[in-house]
Amino acid sequence: MANVVVVGAQWGDEGKGKIVDWLSSRADVIARFQGGHNAGHTLVIDGKVFKLNALPSGVVRGGKMSVIGNGVVLDPWHLVKEIASIREQGVDISPETLMVAENVPLILPIHGELDRAREEAASQGSKIGTTGRGIGPAYEDKVGRRSVRVADLADRATLESRVDRALTHHDALRRGLGLKPVDREALIQSLLDIAPEVLQYAGPVWKVLNEKRRAGKRILFEGAQGALLDIDFGTYPFVTSSNVIAGQAATGTGIGPGAIDFVLGIVKAYTTRVGEGPFPTELDDENGNRLGTRGREFGTVTGRKRRCGWFDAVLVRQTCATSGVNGISLTKLDVLDGFDTIRICTGYELDGEMLDHLPIATEQQIRCVPVYEEMEGWSESTEGARSWNDLPGAAVKYVRRIEELIGCPVALLSTSPERDDTILVTDPFED
Ligand code: IMP
């Protein structure tokens, strides 16, 4: 029995939904371990489309347990709305099938307001391009030791003192940004109103996961965003506010690192990014437009157009290392069908020197000039291929070259959004 972590190995939007759904159909427990409702996971099951932000993908499948770990930040109003909308689609969600860790910090309306006010106030070039959902300010409060956590909802006096602690900080900040002070009574009342709905799901996720593990159950840790948005290893400060890399699956749920048997990195056959920040292989030309149009590259949460570029092997080699990726799932290869030539970035040139990794300073990151290797394209369609033999020779060469350059094998190759259009090389649960 194996426990598998799925992480995005680029800037998010690698097509995790389909793979996570396939793996979750074979897992017993599905756990979210970081991020919040900034994630947009679309699942298509028997023709029905489910859109999830905060809930683990397992909720849409019967007989599974889904958990939201302590590494997540949770907007309780969004959670309740999301549960209601999934229920409307005929899915049963109950405290037997969903557990929220008692130590999850809450995202409050003041976090969203602060997130948006800061973005508005930031000058061009310093905007992060956040989803505006309060993710960053909620994590700031967590490490600032002034969060309201799920368990605090159970007792009015505790809740009031936690809110007061947070407001001492927030009201000062808001004054500086020209925002009105927080209406304390209204905030407390709205938290008390939502409390019973959230508390029915609250529980010790760390304990349940450890028990499930001992009982030989399969756990799938479902990552959101991508490793290049990681707060430590991403393109800081143009990142999200959580650790996104695979190690977070352990600290974000309370299971030891030894419980992780396989890390699957999801990798798109080219590169995209939503929001601001360095992107060495970005294409501001016809090829970039073509990738965006063919790949339908629009954000699921904000609807923003994604920036597109060639595959960057330097960055994926780096994220495979920082997440200890055992195998990758390569997605959206078919978007490259019909290009005469395709480029892969194999290194950067900076101030006359060759680099085999992305330097940490933003100022250097934006000056890195990608060094490309050009490969022959293919005119045949790869969409829907289910075996290596179905792929044109040039496409196989492209995939093999990616494996070589990133130093990690392909475990799965996804050739369309359909579940069966997948070439399986290694089953992460059986490896
Ligand atoms: P935040 O997570 O809302 O603070 O946004 C920080 C950065 O992460 C922005 O560039 C967002 O566009 C990006 N981001 C956050 N969530 C996702 C996601 O699920 N997919 C892709 N990018 C994301």
Side-chain angles (χ1 to χ4, degrees), residues 6-20 32-43 51-57 71-75 78 82 105 107-108 110-120 122 124-143 222-245 248 252 265-268 270-279 282 292 295-309 315 319 331-332 362 365-366:
V6 171
V7 287
Q10 290 152 314
W11 276 292
D13 313 312
E14 298 90 355
K16 291 186 281 294
K18 169 181 154 177
I19 313 293
V20 162
R32 277 282 304 265
F33 57 88
Q34 50 72 230
H37 64 311
N38 49 350
H41 294 166
T42 306
L43 305 174
K51 290 196 181 291
L52 302 174
N53 299 125
L55 290 169
S57 296
V72 169
V73 282
L74 185 69
D75 178 327
H78 187 95
E82 201 173 313
I107 303 178
L108 305 176
I110 53 176
H111 294 129
E113 281 171 43
L114 186 57
D115 192 358
R116 294 185 293 271
R118 277 182 183 155
E119 284 285 277
E120 265 164 42
Q124 209 53 43
S126 63
K127 284 186 200 298
I128 306 291
T130 71
T131 58
R133 296 199 157 185
I135 307 295
Y139 276 116
E140 286 168 37
D141 280 359
K142 173 180 175 171
V143 294
E222 177 184 5
Q225 290 86 46
L228 295 170
L229 290 169
D230 183 273
I231 186 76
D232 289 302
F233 294 101
T235 46
Y236 190 94
F238 303 97
V239 290
T240 193
S241 294
S242 63
N243 279 117
V244 173
I245 60 171
Q248 175 66 15
I266 316 293
V267 176
K268 188 146 56 181
Y270 50 98
T271 314
T272 61
R273 170 163 209 176
V274 217
E276 308 301 319
F279 180 173
E282 181 169 17
R296 291 179 296 279
E297 298 293 354
F298 292 91
T300 44
V301 173
T302 58
R304 286 178 292 178
K305 195 167 182 271
R306 296 179 187 142
R307 300 153 67 192
C308 297
L315 289 180
T319 57
T331 63
K332 294 185 122 176
T362 307
Q365 291 177 348
I366 53 184

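We count residues from 1, following the sequence as given. For ligands, and for the atoms within them, numbers begin at 1 and follow the listed sequence.
Sorted by chain and number, the residues within 4.0 Å of ligand 1 by heavy atom are W11, D13, N38, A39, I128, G129, T130, T131, Q225, L229, V239, T240, V274, G275, R304.
Looking at residues two or more places apart in sequence or on another chain, you find a side-chain contact (heavy atoms from CB on, under 4.5 Å) between P105 and V73, K142, S147.
Side-chain contact, T302 with R304: a donor N or O sits under 3.5 Å from an acceptor N or O. Looking only at atom types and distance, the side chain of D115 has a donor-acceptor partner in the side chain of T130 under 3.5 Å away. Residues Q225 and T240 have side chains that never bring a donor and an acceptor to within less than 3.5 angstrom of each other.
When the options R32, H37, E82, H41 are evaluated for a side chain to side chain contact (heavy atoms under 4.5 Å, CB included) with L55, the one that passes is E82.
Classification of K332 and E297 as a salt-bridged pair holds, one side-chain N sitting under 4.0 Å from a carboxylate O.
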